[in-house]
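Nothing here was measured: the structure is a model prediction, and the numbers come from that model. Below, chain A is the first sequence line, B the second, and so on; all start at residue 1.
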Amino acid sequence: MIAFLVRRLLQAVAVLFIVTIMVFILIHRLPGGPARAELGVQATPTAIASFNQQHGFDKSLWTQYWTWLSELMRGDLGYSFKENSTVSALLLDRLPKTALLAGVSVLVAVLLAIPLGVVQALRRNTMVDYVFTAVTFVLYSTPSFWLSLILVLVFSVNLGWVPAQAPQGSIGAVLSQPSGLVLPVATIALISVALYSRYMRSSTIDNLTQDYVRTARAKGAATSRILFGHVLRNAISPVLTLLGLSLPFILSGTLITERVFNYPGMGLLFYNAAVTQDYPVLLAVTLIVAVATVAGSVFADICYALLDPRVRYAHA
Amino acid sequence: MAAMLEISDLVVDIRSGRSTVRAVDGISLTLDPGRTLGLVGESGCGKSTTGLAVLGLLPAGGKVTRGSIRIGGNEIVGLREAEARAIRGRTVGVVFQDPMTALNPTQRIGAQVAEPLLIHGMANRSAAMKQAIDLLGEVGLSRPAAQAERFPHELSGGMRQRVMIALALICGPKLLVADEPTTALDVTTQDQILTLFDSLQQSRDMSILLITHDMGVVAGHTDEVAVMYAGRLAELAATHRLFGGYRHRYTEALLESIPTLDTPRGQRLATIAGLPPNLGGQLAPCRFAPRCAHAEQVCFDMEPQWSEQDEHGYACHLPRRTDADLMTESAGAPS
Amino acid sequence: MSIDLPDVADTTGQAAALDTQAAVEPKQPSMVLRRFLENRLAILGLLLFLAMTVFCFLGPLVYHTDQIHTRLSEQTLPPGPGHPLGTDQVGYDELGRLMVGGQTSIEIALGAALVAVVLGVVWGTVAGYFGGIIDSFMMRIVDSVMSIPALFLLMFLATMFRPSVLMLILVLGLLAWLAPARLVRGETLSLRSREYVQAVRVMGGRAPRIILRHLVPNVLGTIVVNATFQVADAILAIAAISFLGLGIPPPAANWGGMLSDGLNYTYSGFWWLIYPSGIAIIITVLSFNLIGDGLRDAVGLRAHRRL
């Protein structure tokens, strides 16, 4: 297990290393480069040259990369000229809010998806199953921003139950107005519940047809005991794995949703940075997001190993 | 003495999609207490379906259409699910073919063996675990207390099957259904498991319905044999009688396809031509006729009747003549 | 002692042993087709797709509208005579625009799926065939690109390139080739160790030939299923980047762009600018998801779950 973990972590570090190179090169190929982005289109060549010299942009790409990487190791993510703040401070402010939004949404989605998938599996090929299948397919095929919009139209414009704008300010301010979180969370949860419940359904069906279920029935176990004592645990582990793997999907969802509701998280930060070509921020957010994704897949592997003794021992 | 298991005129239909297959078509058999009945035949002949029907565990779409199954005198066909559950695992135990898939991969062995006691409210958790460990020792696991903490994949195939047996016996059932219990095991382990069955049967005084395709297993470990073909009973007799004088041409074909020590070298083994019929399709009146080397027109014209003599029954128009027949014939023949 | 009867289980057992090979041999196309046609949801998907295609590509032949010149005097007219679905903020007829926009969306999505599949197949085949360090390196690159959520990467690329139809096809394709690359690499890897490929090699067969002859039929099912889902994803991705303001500029139309333009009028009650394009996107994406789902079941790729 330890050896497996170490190998898996080393692999993750290698992947992140390649990510830093890729993203760094991409950003430095932005049209006009950072100087043009910062100083504007009317900047004179002299101004650009001095800007580049001042910030080390005249050095070779590799030297710049090396400087950036060693600063990164020291926890220095650079400075955003646009936001007039260190990138670390920006991230420190935004990251918890996105984590809150994503975390609550995933939690809601999973809590809905597991019973939904199990009910569909138990009642498969009945009306209940067909209706939920239809709903999940349609939800999964819906652009998330459009879904947000419909939710806004119905629940804030028509019914006036919840605000259409997310709360602004610090994480404390966000938490003090939970009603503002309802629609953003609902959007992400609805779209991901489709993914998870579908998975839970097929995983439960797979397990229900296993021989060990027949053995449990042969013991005289009732359906509830078979479900809770045997099937559920085995059926949930692939879903937990999926949870880790679906992080990029969730993060893309937060990007859109934060933009729709003007929710002050990392996605909105990234959006604004992309529009204004605020490249230190772009770089940092991309990196954080990549770290989160890689961590998600490591988490998935570990979950899988912990929940399935066969894997646990195979890697021991 | 009342029979432990009495199946009469059992018909099982299995519906899948739009078609219905009659997997078991009117079989009757009786198993007395403390005895072993071998139910033998090729795959798809309905022997496993019969076993599952006894447990009330027919697959989805499966249904007992006619007939009765009595266990210890009590009818189980038509029981409500809750009533059937009370019997399963307690009065009837079952051992399935592949112990790898039949055991829950993510649960420790001890807990799996102890579970029936908890289900049937026969012991509390710690007492159940203690009984499970004792029984694991009885079925031949060394250091049972330690083994109980392990997961199925950590054991060998033979050990897993012993676990499966312990699981089937923990509530002390009077009837054990063993569905191809040795098929997934290697040859030496097969024999150990069958010997275990024999000794457990004696110490616990239970009846065993041994479902197998292996005539060798039947010969060494059963008291009676029922041969099934395409959902029907072909021949039924005490084991020693059947091997001494089998009548049905299918039984004959089965036994002749087995190599024995006195099969001359170089002689080709007999094989049964063709494949068992598709039960969903058109069947000949004698279901074996299309593959039978001895079939005549009558076999394609009318169904063979069940004839029984000295507790040896079979359904064949042109039964094999036994040595006794030949002797009577020659004695009775005008000289 | 074990004397086996001529059990069918034995013959099927052998068949099962052969099956590991048979499973990767090309599936009977007629059987795949039959299983696909038996799947009602898949048929529904196919019908929806056909309906949308006819609507978008043949519709304009019957229903003529001017989608080039703006008519500011007719902006945001509600549905009524002459404009069954009203007009948008610059006076384009919404119904006609839906058709033209659909053409663009479907073309981009199909193009992107094609790019993704071709790139993925080449990458995966090369990595899987050579194995070793080359494979590790190539697959770490795939892992790395995969570790950046698609939409972030998409925004990144969209800020760097001026959006056009061709550019969108390339950018979306560049994002979507990872999954097919992984699938194909896995297949190639397992194929490489198969006896018959080894045998062909021993007999002097050339590498690319072996790969192509055996690999293509084997992974065809996987690829087709994946490509179908790619199309669905691409349509959603176009909508997402249009919403983020990085789509194709007017007068060119696509559903995503129409939808995000319409969003500016959410509170004005111009529902005809929000619902038709949203529903068109859902129907088309849904149709591809249903077709992909049906195909996956028909080809027998249970592992490739997506929904």
Side-chain angles (χ1 to χ4, degrees), chain A residues 11-12 14-19 21-23 26-27 29-31 133-134 136-138 140-147 149-150 152-153 157 194-195 198-199 202-203 206 238 242 247-253 255-256 259-260 267 270-271 274-275 277 282 285-286 289-294 297, chain C residues 41 44-45 136-137 140-162 232 235-240 242-246 255-256 259-260 262-263 266-267 269 271 274-275 277-279 281-290 293 302 305-307:
Chain A
Q11 213 178 8
V15 164
L16 286 176
F17 184 66
I18 300 180
V19 170
I21 297 180
M22 272 184 344
V23 173
L26 270 179
I27 287 196
R29 285 283 168 270
L30 277 175
T133 298
T136 46
F137 263 94
V138 170
Y140 195 72
S141 306
T142 305
S144 51
F145 63 93
W146 192 72
L147 183 66
L149 198 83
I150 303 297
V152 167
L153 280 178
V157 177
L195 185 67
R198 215 50 207 156
Y199 222 75
S202 45
S203 168
D206 276 357
L242 178 73
L247 206 58
F249 176 82
I250 300 291
L251 288 171
S252 290
L255 174 52
I256 294 270
R259 167 90 181 106
V260 173
F270 184 83
Y271 172 82
V275 173
Q277 303 198 336
L282 279 180
V285 174
T286 309
V289 164
V291 169
T293 306
V294 171
S297 77
Chain C
L41 280 178
L44 175 67
S136 303
F137 182 69
R140 284 302 87 74
I141 290 184
V142 170
D143 289 347
S144 307
V145 182
M146 257 189 172
S147 72
I148 305 173
L151 204 52
F152 285 78
L153 207 50
L154 202 58
M155 279 206 71
F156 225 112
L157 295 174
T159 52
M160 296 168 61
F161 303 105
R162 218 185 120 68
I235 293 177
L236 283 180
I238 302 168
S242 301
F243 167 71
L244 294 174
L246 300 161
W255 287 335
L259 186 49
S260 30
L263 295 193
T266 311
Y267 300 104
W271 58 269
I274 301 166
Y275 290 100
S277 46
I279 290 167
I281 291 175
I282 293 179
I283 291 177
T284 312
V285 175
L286 183 64
S287 76
F288 277 99
N289 277 332
L290 290 175
D293 209 57
R302 289 180 58 229
R305 267 207 189 93
R306 166 185 156 107
L307 250 193

*Supply the atom-to-atom distance C:S136 OG to A:Q11 CD, rounded to the nearest 0.5 angstrom.*
9.0 Å
_Any heavy-atom pair between the side chains of C:M155 and A:L255 that's under 4.5 Å?_
yes
*Check whether A:V285 gets within reach of chain C through its side chain, its backbone, both or neither, counting any heavy atom under 4.5 Å.*
side chain
*Would you mind reporting whether C:F152 and A:T286 have side-chain heavy atoms less than 4.5 Å apart?*
no
*Taking all non-hydrogen atoms of both residues into account, name the closest pair between A:T293 and C:M146 and its distance.*
CG2-O, 4.2 Å
*Measure C:L41 against the heavy atoms of chain A and call it side chain, backbone, both or neither at under 4.5 Å.*
side chain
_Results of side-chain contact (heavy atoms from CB on, under 4.5 Å) for A:S144 - residues two or more places apart only_ = A:T187, A:I191, A:I256
*Can you sort out the partners of C:F137 under side-chain contact (heavy atoms from CB on, under 4.5 Å), two or more places apart, ordered by chain and number?*
C:I141
*asked:* Which heavy atom of C:I148 sits nearest to which heavy atom of A:A290, and what is that distance?
replied: CG1-CB, 4.3 Å
*Quick one: which of A:V291, A:V294, A:T133, A:V260 has the most heavy-atom pairs under 4.5 Å with chain C, could you say?*
A:V260
*Given a strict heavy-atom distance threshold of 4.5 Å, which part of C:F288 is in contact with chain A: side chain, backbone, both, or neither?*
neither
*Go through the atoms of A:L147 and report whether side chain, backbone, both or neither lie under 4.5 Å from a heavy atom of chain C.*
neither
*Which residue out of A:F249, A:F145, A:Y271, A:F17 racks up the most heavy-atom pairs below 4.5 Å with chain C?*
A:F145
_Check: C:Y275 and A:I150 side chains under 4.5 Å, non-hydrogen atoms_ = yes
*Please examine the side chains of A:Y140 and C:V285, heavy atoms only from C-beta on, and report whether any two atoms are closer than 4.5 Å.*
no
*What part of A:L251 is in contact with chain C, defined as an atom under 4.5 angstrom from a non-hydrogen atom: side chain, backbone, both or neither?*
both
*For C:L244, is it the side chain, the backbone, both, or neither that has a heavy atom closer than 4.5 Å to a heavy atom of chain A?*
both
*Minimum heavy-atom distance C:P149-A:S252, with the two atoms named*: CB-OG, 3.6 Å
*Which pair of non-hydrogen atoms, one from A:P143 and one from C:I282, has the smallest distance, and what is that distance?*
CD-CG1, 4.0 Å
_Can you tell me how far apart CG (C:L151) and CZ (A:R259) are? Round to the nearest 0.5 Å._
12.5 Å
_For a 4.5 angstrom cut-off between non-hydrogen side-chain atoms, does A:W146 reach C:I279?_
yes
*Approximate separation, where rounding is to 0.5 Å, of C:S144 OG and A:L16 CG*: 8.0 Å
*asked:* Can you give me the closest heavy-atom contact between A:S141 and C:L236, atom names plus distance?
replied: O-CD2, 3.7 Å
*asked:* Looking at chain A, which one of C:L290, C:I235, C:L153 has the largest number of heavy-atom pairs inside 4.5 Å, strictly under?
replied: C:L290
